[in-house]
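Each remark here refers to the structure printed beneath this line.
Residue numbers begin at 1 in each chain, while the letters A, B, ... track the order of the sequences.
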Protein chains: 2
Amino acid sequence: MSTAGRRATIADVARAAGVSTSTASVVFSGKVHVAEATRERVLAAAGELGYAGPDPRAASLRTGRSGIVGVVLGGELRHAFLDPVTTVMMDGLSDALDVASVGLLLLRDDPREDDAPPIADAPIDAVVLIGCSGRARAALDVVRHRGVPVVVIEGDAGDDTPQITLDNQQASARMAQHVFQLGHRDVAVITLPLDAGRERARLTVERLAAGTLDVTLDRLAGFREVFPDAPGMTAAGSLIDEGIIAARALLTDADGALRHDRPTAIVAQSDLLAVGAIRAAEELGLHVPADLTVVGFDGIDADGLGSQRLTTIAQPALAKGRAAGEQITRMLAGEAGESVHFTCTFQDGETSAPPAS
Amino acid sequence: MSTAGRRATIADVARAAGVSTSTASVVFSGKVHVAEATRERVLAAAGELGYAGPDPRAASLRTGRSGIVGVVLGGELRHAFLDPVTTVMMDGLSDALDVASVGLLLLRDDPREDDAPPIADAPIDAVVLIGCSGRARAALDVVRHRGVPVVVIEGDAGDDTPQITLDNQQASARMAQHVFQLGHRDVAVITLPLDAGRERARLTVERLAAGTLDVTLDRLAGFREVFPDAPGMTAAGSLIDEGIIAARALLTDADGALRHDRPTAIVAQSDLLAVGAIRAAEELGLHVPADLTVVGFDGIDADGLGSQRLTTIAQPALAKGRAAGEQITRMLAGEAGESVHFTCTFQDGETSAPPAS
DNA sequence: TTGTACGCGTTATCAG
DNA sequence: CTGATAACGCGTACAA
């Protein structure tokens, strides 16, 4: 336990134990059998010198692997984790990566504009992009040049990167049809953010044209197949509170009173937004679904959502995360990664009904 | 762009540019001024060879820094991020670490019992433990031996590790007094998990004695100063749904009917639990605070909590995270880390009132 | 089963 | 402002 200046290295341990460094190395890695006697001698020497095992940095340089998988999330970290879909995907990812990886490295999407993207300086074996905008792609090139596998979940990767995708447009169209078939003609939509700016705003043609986030645009396109001219609000994020704000804007006048031409149905692009819309409706004295139909998207099972089963489109979030993990595992093994496409399933609930006549 | 077998290294780039490797290195690190001409020559050579900048692994070995800070969270990852307090602390942490660090590495608390704790194999510059049980301490020793700074937030570190602490017991006592002074005598408590097992259960002396999570025990101790014999339920986590379940158990009979001897006040050890308790009460036809007082702990401002301002004890979660980050920064700079103690503030709300007479 | 020798790709130091 | 050199700490053929 008494080292002079330097910290003990594996070479010191080997010398103290009277073996070669390779033997000592093998004792720690456990890759080859060593005689029990020598093994113990090495361990004892290590204990005496206060050697804590191979330095991960050096091992990582040598093997070319760090065991770390980077996760780049769109928007701020705290926002990303407030979204149950993201959480569940991370869960699936972490699950599928379990064997070969030490942990997930959280990386920001939006580096300070001045300096290099952090992703380039991180010792990662692979990267998963989750719901990132185009900005992250520049950073990606650096990483890809280095031979680091990349998988994109619902982002605009464009090129030959394996992607995990969802039938957002078709699923949204199906949901819109459900609402249409119930008899609704005055329908409004609450969308997810249109771009990385994440601004709350009334949906307009111009704003729509400037949108960059594919998830939002695809879901909207499906909705528009059925309700081409429906009004809408864009939320600043997938949050209950945002749903409340957006729904209020859709249902009330400037003075806060219920509008006479209010929609009879609200199609939200996420379940959290839908829950917010329901809350706003209830605050305004509307009963769901008797007075107002509200439908969501995601099929999440989040904490404290309330007892009413939401009519929604369920997406296989866990499977998406797991698929990303599996593709990464394959690519780390030298095989080619493949894109995987998932489809959503309609999930009828208690929040949609024909309009009051 | 045509490299034979190997990937290009900085040495290749230097050779191609007709400079020494050190010059090339300096061009990329930007630590020293280089003549614009040589700089461009190096960059050009790099572009031609498809060199993507210094390998983080090698740089990390050389400098002894990876720019990565490990975060060990109690329980499962997905649970940890459902807790707004944790999220906010991470936010503060990430904020304070911002300057010198690439990202946060999420590490599991509960390694498979067989293999080494992942924390030991990760190239991290420092570690933050958040609400971990004693199990994580073994892993800690390995890391500490290596000279990696460690900071513990609300965990039982015991030794000379800098800790970020909260006056859980005093704050809880203060809140209990508030409830007492309102006139409540039949009070029940909903606690956070007692140990890493996280089992839902009625609070008993035996279970209490076997508890290992300090946060829970300290808050309970404060409560018990005022209400020594109050009944209670232990939740499986800090979740709204758990609060609902626990409150139902406290308020109703086996057949689901409101008990005659139900408590007139419920003290929850977290705001989410309190929100759940309020929901359960409302489902049972009780009005808060007229029929039932419900108080929380944390002072969170989470998504979709509803409009009623909770009577609670606010803890400076952001400051806690930031303090952890600051201590780490200091320790990385070679200074000694210090423990930091925070105190909570009582925050009156609309969910506590005298009992119905 | 153990030892020898080498290289992984970089950066700090110091001299010019 | 640039160049030569020496570590950084380890894993792994290969030979014994």
With sequence neighbours excluded, residues passing side chain to side chain contact (heavy atoms under 4.5 Å, CB included) with Ala35(B)
Thr38(B)
Quickly work out the Arg15(A) CZ to dT4(C) P distance and round it to whole Å.
12 Å
Whole angstrom value for the distance that separates P of dT2(C) from CD of Glu36(A):
11 Å
Checking Ser20(A) now: which residues fulfil side-chain hydrogen bond (donor to acceptor under 3.5 Å, both in side chains) with it, not counting sequence neighbours?
Ser22(A), Thr23(A)
In whole angstroms, the gap separating C1' of dC1(D) from CZ of Arg41(B) amounts to 13 Å
Sugar-phosphate atoms are those with a prime plus P, OP1 and OP2; base atoms are the rest. Using that split, label each nucleotide of nucleotides 7-16 of chain D B, S or - for protein heavy atoms under 4.0 Å, 5' to 3'.
BBBBBB----
Give a yes/no answer on whether the side chain of Thr38(B) brings an N or O atom under 4.0 Å of OP1 or OP2 in dT2(D).
yes
Applying side chain to side chain contact (heavy atoms under 4.5 Å, CB included), name anything that partners Arg330(B), two or more places apart in sequence or on another chain.
Gln327(B), Glu335(B), Glu338(B)
Sorted by chain and number, sequence neighbours left out, salt bridge (Lys or Arg N to Asp or Glu O under 4.0 Å) with Arg322(A) holds for Asp95(A)
Quick one: side-chain hydrogen bond (donor to acceptor under 3.5 Å, both in side chains) pairs with a partner in residues 61-73 of chain A, sequence neighbours left out?
Ser66(A)-Asp125(A)
Between CG of Leu107(A) and CG of Leu129(A), what distance do you get to the nearest 0.5 Å?
9.0 Å
